[in-house]
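Here the structure is laid out as structure tokens; the discussion comes afterwards.
Lettering follows sequence order; numbering is per chain, from 1.
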There are 2 protein chains.
Amino acid sequence: MARQPEVKLPAELFRDLERSGPVPLYYQISNRLEDAITSGQLPAGTRLENEIALSERLGLSRPTVRRAIQELVDKGLLVRRRGIGTQVVHGQVSRKVELTSLNEDLRESGRRPATTVLVHEVVPADDAVARALVVQPGSPTLHIRRLRTADGTPLAILDNHLPEAYTDLDREDLQERGLYELLRERGVVFSVAKQVIGARHCTAKEAELLDVPKTSAALTMSRTAFDNNGMAIELGEHCYRPDLYSFEIMLVSR
Amino acid sequence: MARQPEVKLPAELFRDLERSGPVPLYYQISNRLEDAITSGQLPAGTRLENEIALSERLGLSRPTVRRAIQELVDKGLLVRRRGIGTQVVHGQVSRKVELTSLNEDLRESGRRPATTVLVHEVVPADDAVARALVVQPGSPTLHIRRLRTADGTPLAILDNHLPEAYTDLDREDLQERGLYELLRERGVVFSVAKQVIGARHCTAKEAELLDVPKTSAALTMSRTAFDNNGMAIELGEHCYRPDLYSFEIMLVSR
DNA sequence: TATGAGTTAATGTCAGGACAAATTGCCCGT
DNA sequence: ACGGGCAATTTGTCCTGACATTAACTCATA
């Protein structure tokens, strides 16, 4: 099989890089490359210029260019092979898998999310919640339960537990805006989250809230999120309508 | 809040690093660090030595040490904050999310997987399969359907489609060993995979195969896997018993 | 006592170079 | 025509060095 010819990347892709701005150079480059790929300007299978030529042409060091490329490899947009080069992956690409909230997901895909707060109470942590949030059993936690709709259709029931520091979250705020949005506004920087996705039958109450037949299946997700301090911030127990929602995940091996 | 004291990492953690072996140095370091964390030798919240001191003590450069740490940050085991240092995350997190097969997952967790091949046929690709595998509609593909059991209990129905290059996969081999194992043996190096996880009702046939009541819920996963060449290797449509299986995912934001 | 500026310590970014390893493709000899 | 070996190409790893940015701590001053 003949080797793909190298493609010289158009110079205007990398015009006006801000060398002194707050945005890292490698990030600017990877962003523009990502746009070029997702927009179809660089079709699947395209073989990029090699790292050294690219770095010389941009007036940057090879590690910087290399890091930009690595970002996209991690996202599953590019594939690197030594001795060969770097190629755009075949197959209709991706959509990144990041630590996002349902609210933001829906908004990005152009739907109108709305929320009804069903429960909003400060309760002592039971054993399971205490273990997940790494707090003392019995310590005060905020328990909220929300019904999330998209374009007026019930989509999910969201049960969340938060540790003492966040028990003062306002009920009205939660009605209007997403939990993650509110937490980020308070300075929380999310770092890692552990999710478990499963399925089961709806309970009668869930079926009623979600407006589905009593015997329906439910898609469940349980998540514990940690901030960049390594502290547990949130335990979520969510229940989705499986005909309207699914999880999309991109796995990358190294 | 007082700052965590720095912990001097025990020197024997890093004895006998192979400088000339085929295993990269950063990988050796990150492996040993990972072992120390998962074994509990470095408890949650421990603040590591700073990068510069560590690199000097190991006789390595800072980028090498930094890369080793980055590996563990990506796995969700460590958290870095500039101005502060690097800490082991709170919470009993771990378990990496890699591109593994169900077979390997089960074996690792100490269960005995077994497989029955229900369907093994070469058929022309229909539109959906052709689109997923990036081949011409109507081109030959291998369709297999397997029932996977663990310790004798039915666990999942696995439907897979593979492109023409792999239509000669042997039925008896598939009975004995995992699909991914066989593909790796042929030199396939998996790179990225796109998964969609959802839920629905079992069909009557699925309920019978999985030995569950007819009205049961099913956990479904659809996956397209690509090799390091960017070529689509496999399309899987899987159906799991939700009372026996769930997906565990670790999300890391940057 | 409280506030604010400066100091210190740590990670984040970037440069430039060197060699190793893998893969391809060409050339040459048979 | 065919196969083997060599050279070119390209990414992988590792090094040294420098400066920027952020957060915590210290200490002087109002």
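Between B:Y26 and A:I52, the residue anchored closer to the 5' end of DNA chain D is A:I52, taking for each the nucleotide with the nearest heavy atom. In terms of position along DNA chain C, the nucleotide closest to A:P24 lies nearer the 5' end than the nucleotide closest to the other residue of the pair B:P22 and A:P24.
Of all the heavy atoms in A:N103 and A:P113, the pair that sits closest is OD1-CG, 3.2 Å.
A sub-4.0 Å separation between OP1 or OP2 of C:dA10 and a side-chain N or O of B:T86 is absent. One finds a side-chain N or O of B:T64 lying less than 4.0 angstrom from the OP1 or OP2 phosphate oxygen of D:dC15. For B:R67, a side-chain nitrogen or oxygen approaches OP1 or OP2 of D:dT13 to under 4.0 Å.
Between A:L78 and A:L48 the shortest side-chain heavy-atom distance falls below 4.5 Å. Using a 4.5 Å heavy-atom threshold, the side chains of A:T141 and A:V123 count as touching. Taking 4.5 Å as the limit, some side-chain heavy atom of A:L183 sits within range of a side-chain heavy atom of A:F190.
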Point to revise | Stepwise side chain to side chain donor-acceptor pair (under 3.5 Å) check, B:Y166 with B:E234 | key: CA-CA 9 Å; B:Y166 304 101; B:E234 176 245 352; over 6 Å; no
Under 3.5 Å, which protein N or O atoms sit close to an N or O of nucleotides 18-20 of chain D? Give each pair with its distance.
none

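One atom, CG of B:L54, and another, C1' of D:dC15, lie 16 Å apart when rounded to the nearest Å. In this structure, A:E49 places its CD atom 15 Å from P of D:dT9, rounding to the nearest Å. Rounded to whole Å, the distance from CD1 on A:I69 to P on D:dT10 is 13 Å. C:dG16 atom P lies 16 Å from atom CD of A:E51, rounded to whole Å. A straight line from CD1 of B:I84 to P of D:dA24 spans 4 Å, rounded to a whole angstrom. When rounded to the nearest whole Å, the span between CG of B:L25 and C1' of D:dG12 equals 13 Å. As rounded to whole Å, 11 Å separates atom P of D:dG17 from atom CD of B:E56. Atom CG of B:L17 and atom P of D:dT13 are 16 Å apart (whole Å).
Looking at B:R223, B:R146, B:H143 one by one, the single match for side-chain hydrogen bond (donor to acceptor under 3.5 Å, both in side chains) with B:N160 turns out to be B:R146.
Within the nucleic acid shown, B:S61 comes within 4.0 Å of at least one base atom, counting heavy atoms only. Heavy atoms of B:R81 sit under 4.0 angstrom from primed sugar atoms or phosphate atoms, though from no base atom.
Side-chain atoms of A:R47 lie closest to D:dT10 of the nucleotides D:dT10, C:dT11, D:dT16. Distances were taken from every side-chain heavy atom of B:R66 (C-beta onward) to each of D:dT11, C:dG12, C:dG16; the shortest belongs to C:dG12. In the set C:dT13, C:dT11, D:dT16, the nucleotide with an atom closest to the side chain of B:N50 is C:dT11.
Remark: B:R186 engages B:D168 in a salt bridge (charged side-chain N to carboxylate O under 4.0 Å, His left out) (not counting sequence neighbours).
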